[in-house]
There are 2 protein chains.
Amino acid sequence: MKITAQEEYGLRCIMHLARVPFGETVNVRQIAECEGLSTAYVEKLLYLLNRAGLTESVRGAQGGYRLAYPAEQISLRQVLEALGGVLTADNLCNQFSGDREICVHHGGCELHSVWSFVADYLAVVFNRITLKHLADGEARPLVPSFFSRSEQTIPLAGHQPVQTAQTNSEER
Amino acid sequence: MKITAQEEYGLRCIMHLARVPFGETVNVRQIAECEGLSTAYVEKLLYLLNRAGLTESVRGAQGGYRLAYPAEQISLRQVLEALGGVLTADNLCNQFSGDREICVHHGGCELHSVWSFVADYLAVVFNRITLKHLADGEARPLVPSFFSRSEQTIPLAGHQPVQTAQTNSEER
DNA sequence: TGGATACTTGACTTTTTTGTAAGGATTGAG
DNA sequence: CTCAATCCTTACAAAAAAGTCAAGTATCCA
């Protein structure tokens, strides 16, 4: 389980935009310099973000890129999605099917439920974290508070008297 | 953010071992056949698991592989670690440092706290899930129960009582 | 003892991901 | 109008990961 370079660097680029006043543009060269990346690479990353509609570009002299929406309206999930796709459990059994057409565990895959669990959790978390949270550093102090309560809420350890009649989709 | 092929397939291989009575061996060919993988690949994956001490091998005729410990004593985390390393936030800023020696955000990286958050959570979850849970399918019904309670426990949302209302940033 | 079975390991090939290059298109300034 | 600044897009090269191969070594059992 890993974070790809494209996700990490792309996120840094859009964070760079999130840190300037909304509406102001920043050009590729500035971002590349500040983030320690090549201009060619930054261009490519911004191309991906732009294509996803998260940023806008202004061409010509004095041009550059800026966020398409205020930072508090862009979620981490949208950014990661634009940069290479989010982990979704449904695709895993298709993606990793060995040399068969479909997953050998089709219909009774033990792993699917675990990846669902993980992927759904991440989707919720990433949906709620916005670029503004990140820019303001608000994520940091929240980590410990999560852990102090998590001991009672992480499911697998304890019981399972649960009804499954819930839908857990969370869209913006 | 993605799960690597090695993790997915390696996990399936060790799950195969977890499903037979403890102490019994299964040979590579059987696993490869059931899981739809090449024997060469299964050999490599089991080599990794073996090296990490999670499995034992028995050579010679009627030999094969078996778990080194009962399935309830082997965590998902141990398996993933053996198969390619778990996401740890501390290494991310080193791994992705651009063309500089160290991360350009050294000392004030907004992303670090998020990846810490994610990585720490996953570590806890993966530590608690054992191969026995997986083999018994216990993970499945627990997913909804997580979501029913998670709404109160996911930190980033509830922590800020909408203080962004006053900032009337001009619309573009 | 010797052949059959099966694990062991490093090198090799293929595929995917990263990152670079290059030329094109659009805009604004003078 | 012209030109330079800047974005846009595709193609390609380099690096890393995935997966295969093959030549081992160890063990069992007749």
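Convention: sequence-line order gives letters A, B, ...; per-chain numbering from 1. Below, each value reflects all heavy atoms present in this structure, side chains not excepted, and no hydrogens, waters or symmetry copies.
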Q: Let me know the distance between CG of A:Leu46 and C1' of D:dT9, rounded to the nearest Å.
A: 14 Å

**Q.** Separation of D:dG19 C1' from B:Leu45 CG (nearest whole Å)
**A.** 9 Å

Q) What is the nucleic acid contact for A:Glu43, judged by heavy atoms within less than 4.0 Å: base, sugar-phosphate only, or nothing? A) base

Q. When you measure from the side chain of B:Tyr41, which nucleotide among C:dG28, D:dA18, C:dC7 comes out closest?
A. D:dA18

Q: Describe the nucleic acid contact of B:Gly84 in one word from base, sugar-phosphate, nothing, applying a heavy-atom distance below 4.0 Å.
A: nothing

Q: Go through C:dG19, C:dC7, D:dC29 for me and flag the one nearest to the A:Ala5 side chain.
A: C:dG19

Q | side-chain N/O A:Lys44 vs D:dT10 OP1/OP2, d < 4.0 Å | A | no

Q) Hey, which of these two, A:Lys2 or A:Val58, hits DNA chain D nearer its 5' end, going by closest nucleotide? A) A:Val58

Q. CD1 of A:Ile31 versus P of D:dT6: gap in Å, rounded?
A. 12 Å

Q: Between D:dC29, C:dC7, C:dT17, spot the one nearest the side chain of B:Gln62, thanks.
A: D:dC29

Q) Just by distance, do the side chain of B:Tyr69 and the backbone of B:Thr55 share a donor-acceptor pair under 3.5 Å? A) no

Q) How close or far is atom P of C:dT9 from atom CG of B:Leu49, stated in whole angstroms? A) 14 Å

(Q) Is B:Ser38 close enough to D:dG19 that one of its side-chain N or O atoms is under 4.0 Å from OP1 or OP2 there? (A) no

Q: Mind listing the closest non-hydrogen atom pair of B:Leu49 and B:Ala82 along with its distance?
A: CD2-CB, 4.3 Å

Q: Could you tell me whether the phosphate oxygens of C:dT8, OP1 or OP2, come under 4.0 Å of any side-chain nitrogen or oxygen in B:Ser57?
A: yes

Q. Between A:Ile3 and A:Arg59, which is nearer to the 5' end of DNA chain C once each is assigned its nearest nucleotide?
A. A:Ile3

Q) Under 4.0 Å: is that the gap between some side-chain N or O of A:Asn50 and OP1 or OP2 of D:dC8? A) yes

Q) Which comes earlier along DNA chain C counting from the 5' end, the contact point of A:Gly60 or that of A:Leu37, where each point is its nearest nucleotide? A) A:Leu37

(Q) What's the closest nucleotide to the side chain of B:Arg29 if the choices are D:dA26, C:dA6, C:dT9? (A) C:dA6

Q) Can you tell which of D:dC7, C:dG19, D:dA18 lies closest to the side chain of B:Gln6? A) D:dA18

(Q) Using a 4.0 Å heavy-atom cut-off, does A:Tyr9 contact any base of the nucleic acid, only the sugar-phosphate backbone, or nothing at all? (A) sugar-phosphate

Q: To the nearest 0.5 angstrom, please state how far the OG1 atom of A:Thr25 sits from the CG atom of A:Leu17.
A: 9.5 Å

Q: Measure the distance from CD on B:Glu56 to C1' on D:dT27 and round it to the nearest whole Å.
A: 15 Å

(Q) Under the side-chain contact (heavy atoms from CB on, under 4.5 Å) test against A:Ile14, which residue among A:Ile31, A:Leu54, A:Leu76, A:Leu48 passes? (A) A:Leu54

**Q.** Taking every non-hydrogen atom, the tightest pair across B:Leu46 and B:Cys13
**A.** CD2-CB, 4.4 Å

Q: Mind listing the closest non-hydrogen atom pair of B:Leu45 and B:Gln6 along with its distance?
A: CD2-CG, 3.7 Å

Q | Atom-to-atom span, CD of B:Glu8 to C1' of D:dA17 - whole angstrom | A | 16 Å

Q: Return the value, rounded to whole Å, for the distance between atom CD of A:Gln30 and atom P of D:dA5.
A: 14 Å

Q) Between C:dT18, C:dA25, D:dT9, which one does the side chain of A:Tyr47 approach most closely? A) D:dT9

(Q) Whole angstroms only, please: what is the OH-C1' distance between B:Tyr65 and C:dA6? (A) 8 Å

